[in-house]
**Student:** 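My questions will all concern the structure given below.
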Protein chains: 2
Amino acid sequence: MNLKQLSHMLALSQTTVSRALNGYPEVNEETRRRVIDAAKRHGYRPNPSARRLATGKTGMIGYVLPTGTTVDIDPHFVEFLSGLGDYARSHELDLVLSPADADDQETTYRRIVANRQVDAVYISSPRPADRRVALVSTLGIPFIVHGRSEGLDFDYPYTDIDNEGAFHEAARLLVQLGHRRLALINGDDRETFAIHRERGVRRALAASGLALGEGHVCSLAMTEENGYRAARRLLERSDAPTAIACSSLIMALGVVRAARDLGLTIPGDLSLIAHDDVFPWLKPENFSVPLSTTRSPIRLAGARVAERLAARISGLEEGARGEVWPVDLVVRGSVAGARA
Amino acid sequence: MNLKQLSHMLALSQTTVSRALNGYPEVNEETRRRVIDAAKRHGYRPNPSARRLATGKTGMIGYVLPTGTTVDIDPHFVEFLSGLGDYARSHELDLVLSPADADDQETTYRRIVANRQVDAVYISSPRPADRRVALVSTLGIPFIVHGRSEGLDFDYPYTDIDNEGAFHEAARLLVQLGHRRLALINGDDRETFAIHRERGVRRALAASGLALGEGHVCSLAMTEENGYRAARRLLERSDAPTAIACSSLIMALGVVRAARDLGLTIPGDLSLIAHDDVFPWLKPENFSVPLSTTRSPIRLAGARVAERLAARISGLEEGARGEVWPVDLVVRGSVAGARA
DNA sequence: GAAAAGAACCAAAGCGCTTTGGAAGACTCT
DNA sequence: AGAGTCTTCCAAAGCGCTTTGGTTCTTTTC
């Protein structure tokens with residue numbers, strides 16, 4: 001059932017039927033009712049391919065997915081996707097993942113914009129002076145950055161959490177508990193979120209005349225194994241930290257294992273705080289010693305990004321407003337006062 | 001730059017240019033070279049919206065993503081996606097995720113087929129008599145099932161791993177080591193993979209005149225917490241198992257924690273084997289006691305599914321061939337002979 | 001009561017591609 | 001040389017929608 005058939009059936013022109021269906025004003029309400037009714041009764045659904053050829057609108061939002069045999073997709077992605085998908089569903093949007101060579105995403109961005117494959121895109125895991133942000137911005141497609149870049153000479157719309165504030169608070173608490181030697185087991189510090197977290201820790205330490213010791217900050221892919229290795233390396237030093245801030249729950253698993261292997265107790269010998277993006281399948285309160293966390297459900301961020309993308313597509317949102325969400329510090333058993 | 005401009009520039013008809021570009025035979029090789037060259041030089045890329053309107057081909061594969069505030073996307077998804085994406089990239093395919101109400105995916109399947117939004121779809125986490133498989137089959141869109149359904153009265157193409165065989169082998173090993181009371185901590189047993197695994201365990205036990213004790217099989221969402229709870233419940237019974245087979249590495253984390261809480265050692269008091277889909281961020285060899293696993297990289301499955309979808313789209317594959325991959329049993333420190 | 005304004009509808013022109021159904025010229029065959 | 005066969009190209013008809021630029025009435029305005 002296409003428009004032609006439907007309009008013929010109603011003895012109306014395609015123009016009028018199309019307008020009736022799309023809510024244009026220049027059509028009699030009585031007629032509109034008839035049209036809508038007939039459309040529903042015959043299950044008419046406008047062909048999206050035809051519509052997008054005519055309008056350029058696709059009803060899809062895009063994401064360039066870096067791939068490659070050596071490239072691992074972050075498990076956070078799935079939670080973010082849950083939120084994004086949930087919102088997208090309620091607004092009849094689909095998400096298209098365009099796989100790209102991790103080292104050349106630019107080609108893919110250009111393609112999806114040139115081809116008008118999506119109405120908007122989002123960018124995740126931004127880095128300082130992120131070229132993708134600059135590119136997408138000049139290409140003129142609506143977009144939202146999940147996270148922030150830095151050192152770009154223009155503004156852009158983003159939704160981020162207060163990574164610096166979160167880790168500042170976490171470190172401040174540890175310092176107040178008497179810890180003097182902190183360490184940070186961070187994610188990839190080419191990404192802005194990691195830079196912000198380190199900055200937060202340093203700022204908190206500096207406020208008490210302290211600093212992150214040489215070699216007391218690690219930057220690694222967020223795997224259990226890397227958490228273990230980093231913790232081991234740190235804890236076997238002569239100036240081993242008495243407290244660790246950790247960028248992910250998965251890494252924290254490794255930290256806990258390292259402490260156990262070394263016969264250290266948490267929080268007796270080591271205080272630990274990790275960032276929790278809130279996974280349904282791994283909860284900080286269920287760690288052998290309940291884990292203190294800086295907490296921010298990444299699923300909510302996904303929903304928010306979808307919401308803003310939808311708003312930008314429909315022209316309800318414009319400009320370059322960035323928003324930064326506060327992060328909760330949730331104190332559980334894994335922190336304690338430093339040994340005298 | 002569109003076809004009209006390009007053909008005008010070359011003083012050729014749109015027909016010829018189109019054919020030259022799409023490799024049709026009825027065009028002079030010299031002309032073809034000219035056309036291809038000019039297209040490249042001017043960066044001509046056919047507009048996909050127009051092409052899909054004309055041909056019905058979209059260059060996209062679809063996946064219906066169940067969503068909802070209470071619906072959690074499996075973290076396995078991300079690994080599967082890595083493989084799928086990697087293959088899709090090399091074949092210029094995009095993946096479109098259509099979010100759907102978890103309780104009504106049918107509407108979404110019908111929509112994406114009726115609208116010709118994708119060239120093929122894949123279905124994951126199938127259940128016995130899965131309605132999606134039946135639906136997609138009657139809708140007549142190319143598809144591959146990742147996993148298997150059961151009790152359907154028709155054949156369909158699928159790629160699955162030998163879950164039954166894997167857990168059969170695992171259980172057989174445990175029995176050979178002298179274990180008499182096994183337990184199975186399984187995933188959601190409404191899904192076929194879980195049913196197959198249970199079947200494998202039962203078959204291995206039956207071969208030695210044993211059986212899964214009443215209450216010795218749990219079926220839960222695969223989270224750390226559920227692994228812990230299930231293990232605790234099992235290990236506190238008077239007829240506590242001396243060996244556990246577990247459907248996921250994440251649940252196994254919980255099992256290990258439960259054992260520790262109860263003062264049980266692995267493998268001294270409890271042998272443990274889990275299934276490993278191979279995550280980059282959590283490895284069985286890094287468990288406090290290296291974990292024995294049935295191992296099958298889900299990323300490979302993703303790539304294979306993409307490959308078969310591409311083949312079906314281009315007509316290279318047809319029919320209903322199902323393929324079942326063997327699973328490796330990797331023995332590490334977490335299994336030992338049963339106490340006398 | 002003529003002119004202007006408004007309401008409701010329509011024919012047809014895109015959107016940019018593929019594909020059908022030729023057509024013109026060059027070649028082969030008898 | 002005339003008929004048939006290739007080879008190579010083209011004009012035009014879709015694909016199914018939206019949108020431009022009307023037209024035809026009916027209603028309002030002075």
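Side chains are part of it too, since the values below use all heavy atoms of this structure and drop only hydrogens, waters and symmetry mates.
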**Student:** Quick one: does B:V133's side chain get under 4.5 Å of B:Y158's, heavy atoms only?
**Tutor:**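 SC-SC contact between B:V133 and B:Y158 ruled out.
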**Student:** Check whether the ring centres of A:F77 and A:Y63 lie less than 6.0 Å apart, and answer yes or no.
**Tutor:**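 Yes, ring centres under 6.0 Å apart.
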**Student:** Please find the earliest and latest nucleotides of DNA chain D, in the 5' to 3' direction, that have an atom within less than 4.0 Å of any heavy atom of chain A.
**Tutor:**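 Contact span on the strand: D:dG16 to D:dG21.
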**Student:** Residues of residues 19-33 of chain B with any non-hydrogen atom less than 4.0 angstrom from an atom of DNA chain C: list those, numerically ordered, please.
**Tutor:**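 Here the set is B:R19, B:N22, B:Y24.
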**Student:** Looking at side-chain heavy atoms only, is the closest gap between B:L81 and B:L95 below 4.5 Å?
**Tutor:**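 The answer is yes, as the side chains (C-beta and beyond) meet within the 4.5 Å cut-off.
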**Student:** When you look at A:I36 and A:L21, which way does the side-chain contact (heavy atoms from CB on, under 4.5 Å) test go after all the steps?
**Tutor:** CA-CA 6 Å; A:I36 288 175; A:L21 258 23; 4.0 Å; yes
**Student:** Is there a donor in the side chain of B:R116 and an acceptor in the side chain of A:S49, or the other way round, less than 3.5 Å apart?
**Tutor:**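 Side-chain D/A pair, B:R116 to A:S49: absent.
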**Student:** Got a sec, which pairs hit salt bridge (charged side-chain N to carboxylate O under 4.0 Å, His left out) with one end in residues 78-98 of chain B, sequence neighbours left out?
**Tutor:**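 Non-adjacent pairs meeting salt bridge (charged side-chain N to carboxylate O under 4.0 Å, His left out): A:R111-B:D94, B:E79-B:R299, B:D86-B:R89.
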**Student:** Taking only heavy atoms on the protein side, list every residue of residues 40-58 of chain B lying under 4.0 Å from any atom of DNA chain D, sorted numerically.
**Tutor:**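 Listed by number, they are B:L53, B:A54.
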**Student:** Find which nucleotide of DNA chain D each of A:Q14 and B:R34 is nearest to by heavy atoms, and output the residue with the more 5' nucleotide.
**Tutor:**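 Final value for this comparison: B:R34.
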**Student:** Between A:F279 and B:P75, is any pair of side-chain heavy atoms under 4.5 Å apart?
**Tutor:**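 Of all side-chain heavy-atom pairs linking B:P75 with A:F279, none is under 4.5 Å.
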**Student:** Is there a donor-acceptor contact under 3.5 Å from the side chain of A:D130 to the main chain of A:R127?
**Tutor:**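 Present.
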**Student:** Let me test you: for the helix from C:dG1-D:dC30 to C:dT30-D:dA1, what is the angle between the axes at its two ends (five pairs each), rounded to 10 degrees?
**Tutor:**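 Taking five pairs per end, the axes differ by 40°.
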**Student:** Could you tell me whether a side-chain N or O of A:N22 sits under 3.5 Å from a main-chain N or O of A:Y24, the two making a donor and an acceptor?
**Tutor:**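 Answer holds: no.
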**Student:** Mind checking whether B:F80 and B:Y122 have ring centres under 6.0 Å apart?
**Tutor:**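 Yes; B:Y122 has its ring centre under 6.0 Å from that of B:F80.
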**Student:** Once salt bridge (charged side-chain N to carboxylate O under 4.0 Å, His left out) is applied, what residue pairs with a partner in residues 137-149 of chain B remain, sequence neighbours excluded?
**Tutor:**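 Residue pairs with at least one partner in residues 137-149 of chain B: B:R148-B:D160.
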**Student:** Going from CZ on B:R132 to CG on B:L139, what distance comes out if it is rounded to the nearest 0.5 angstrom?
**Tutor:**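 B:R132 CZ to B:L139 CG: 13.5 Å, rounded to 0.5 Å.
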**Student:** Please tell me if the side chains of B:R51 and B:T55 come closer than 4.5 Å, counting only heavy atoms from C-beta onward.
**Tutor:**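 Yes. Closest side-chain heavy atoms under 4.5 Å.
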**Student:** Look at the side chain of A:T15 and the base of C:dA11, then say whether one donor and one acceptor between them are separated by less than 3.5 Å.
**Tutor:**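 Side chain to base: pair present.
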**Student:** Assuming nearest nucleotide by heavy-atom distance, tell me which of B:V17 and A:L3 is located more 5' along DNA chain D.
**Tutor:**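 Looking at DNA chain D, the more 5' nearest nucleotide goes with B:V17.
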